[in-house]
Protein chains: 2
Amino acid sequence: MDMQVEHGDRASAICRAIRRAILERALMPGDKLPEDQLGERFGVSRTIARHALGQLASEGLVELRRNRIAVVATPSFEEARDEFDIRIELERLVVRALCGRLSQRQIEELRAHALEEEKARDGSEVVSLRLATEFHVRLAEMTGKPTLLRYVRETAYRSCLSLATFGRPHSSDCAIAEHREVIDALVAGDETRAMSVMAGHLDEVARRALLQTPEPRGDLMDILAPYAAVDAPIPAPKRRKRSV
Amino acid sequence: MDMQVEHGDRASAICRAIRRAILERALMPGDKLPEDQLGERFGVSRTIARHALGQLASEGLVELRRNRIAVVATPSFEEARDEFDIRIELERLVVRALCGRLSQRQIEELRAHALEEEKARDGSEVVSLRLATEFHVRLAEMTGKPTLLRYVRETAYRSCLSLATFGRPHSSDCAIAEHREVIDALVAGDETRAMSVMAGHLDEVARRALLQTPEPRGDLMDILAPYAAVDAPIPAPKRRKRSV
DNA sequence: CACACAACAACTGCATGCACTTCCTTGCAC
DNA sequence: GTGCAAGGAAGTGCATGCAGTTGTTGTGTG
């Protein structure tokens, strides 16, 4: 019933920490997650760390390959697009389930959340991205449908990974307005409008995020062109070997 | 990329075996899965068995509770209904992705599968249920979208659990016809029709399976009434303590 | 005879240790 | 200086052992 799979609370604590780190872009796609370092950091044995990594892998946030260090997942462009398609349908189900059924308490909480997003608008981009994601997850939680919650949460978190890979700087202005629109439609009990607003919102997010085409990387030599001049300032500094 | 989470192949072998056992109703909701017995049966240590159980739990097929023996999940009636709602949307995405894009080879395979379902019609119900489920999973595989496949597979397998809990005897006749209709619509490239046929099919399955209302179980005493007369023949023999 | 309770068996939670693989570094040949 | 191979460091795969929990059975008491 609880849909809680992370039995021992120690493994789930690691999962939460890593999820949050991904959400806040402290961990980026490809970053390494060695199970012993992880265990040491959290004061548990490799067994637990390993268990947590397995859990995260099943959520699609981490990639496990035999005999290799686990890494934060690196979604491909197609996967990112497909993910959003799924997410749109799932969140349509969320608003459908919620429409006109929100308690006063829940409405207040959602409005408070939107307000917080508002306040974070000029703050760090990391915070507003986290708040935006949490908005969607909170909605899914309110349905009380465990599977729906799980899938929405997973796709939402993976969306963040996609954004980290392909996304341009997140402009939260319109997103907040759209969140408010969703809340209003839910309160008004206008199912059709709520669903289309939500779908439109997510489509907009996906469009903004995945604007650039898969960039077929015409020729490797072209890519290397700006690097040709030795000691020239290089646009994006290459990161290597990131880890916990 | 592989979306494969079951790294060591030994754990994945256990997962597959249990999934199949659930599909074929060899394992029923509530059946116990002690990790040491599991390990012994598959010739691995508890560590691996435990890992497999964690994986299955994340798929919603198994319930883990701290310090307790893992059991095959027992979906509630509401969960079953919600699950089907999700599944319908997911499989609509599947046919949308597939419509008019099937290779000749894939078309043949699907037709062959339908034929096999046809042949199994008069055989054991277990086989036809398995084939019916595999049909949906095969479709999802053909999309090449890893997340979509994972979610369809999970919901499909959990549907079997719901059917085992609430379903009446599975009548596969119409199901096969509906599968054929889906194939035809896909081949014809009629997206709208394909999606509505698939949605209708799943809705029909859900309706047939979950026909009986949540049965509020008016009073516990009423339920026990037929058992009141000592030594009277009892309609449904109570099963206790099933296990691997 | 019903019931509380104690002892035991079964099982899980977790850390640790060993074997094996991967990956990096160093050193050597060219 | 370059290519490459061998050695070692780092990390994973897995079994096992022990501590703690749960469930059950048998026993004594009102």
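In what follows, every chain begins at residue 1, and chains take the letters A, B, ... in the order their sequences are listed. All figures in this text were calculated on a predicted structure; none of them were measured in a lab.
In this structure, A:I14 atom CD1 and C:dG13 atom C1' are separated by 14 Å, rounded to whole Å. In this structure, B:L53 atom CG and C:dG13 atom C1' are separated by 14 Å, rounded to whole Å. Residue A:R65 contributes atom CZ, which lies 14 Å from atom C1' of C:dT21 at whole-angstrom precision. In this structure, the CG atom of B:N67 is 11 Å from the C1' atom of D:dA19, given to the nearest Å. Across the protein-nucleic acid pair, B:E40 atom CD and C:dA10 atom C1' stand 13 Å apart, rounded to whole Å. Remark: P of C:dT12 and CD of B:E63 are 15 Å apart, rounded to the nearest angstrom. The CD1 atom of A:I69 sits 17 Å away from the P atom of C:dT21 (whole-angstrom rounding). Between B:R41 atom CZ and C:dC11 atom P there is a gap of 13 Å when expressed in whole angstrom units.
Checking the phosphate oxygens (OP1, OP2) of C:dC11, a side-chain nitrogen or oxygen of B:Q37 falls inside 4.0 Å. The side chain of B:R66 contributes no N or O atom lying less than 4.0 Å from OP1 or OP2 of D:dT22.
Position along DNA chain C of the nearest nucleotide to B:E35 versus A:R68 favours B:E35 as the more 5'-ward residue.
The aromatic rings of B:F135 and B:H113 sit tilted, their planes meeting at an angle between 30° and 60°.
For the side chain to side chain donor-acceptor pair (under 3.5 Å) criterion with A:E59, the lone passing option out of A:R19, A:R150, A:R158 is A:R19.
For A:R46 against D:dG13, a side-chain-to-base donor-acceptor contact under 3.5 Å is present. Contact of A:R50 with D:dG11 (side chain to base): no donor-acceptor pair of N or O atoms is detected under 3.5 Å.
A:V152 places none of its side-chain heavy atoms less than 4.5 Å from the side chain of A:R87.
A:R153 is linked by a side-chain contact (heavy atoms from CB on, under 4.5 Å) to A:V137, A:E141, A:L149, A:Y157, counting only residues two or more places apart in sequence or in another chain.
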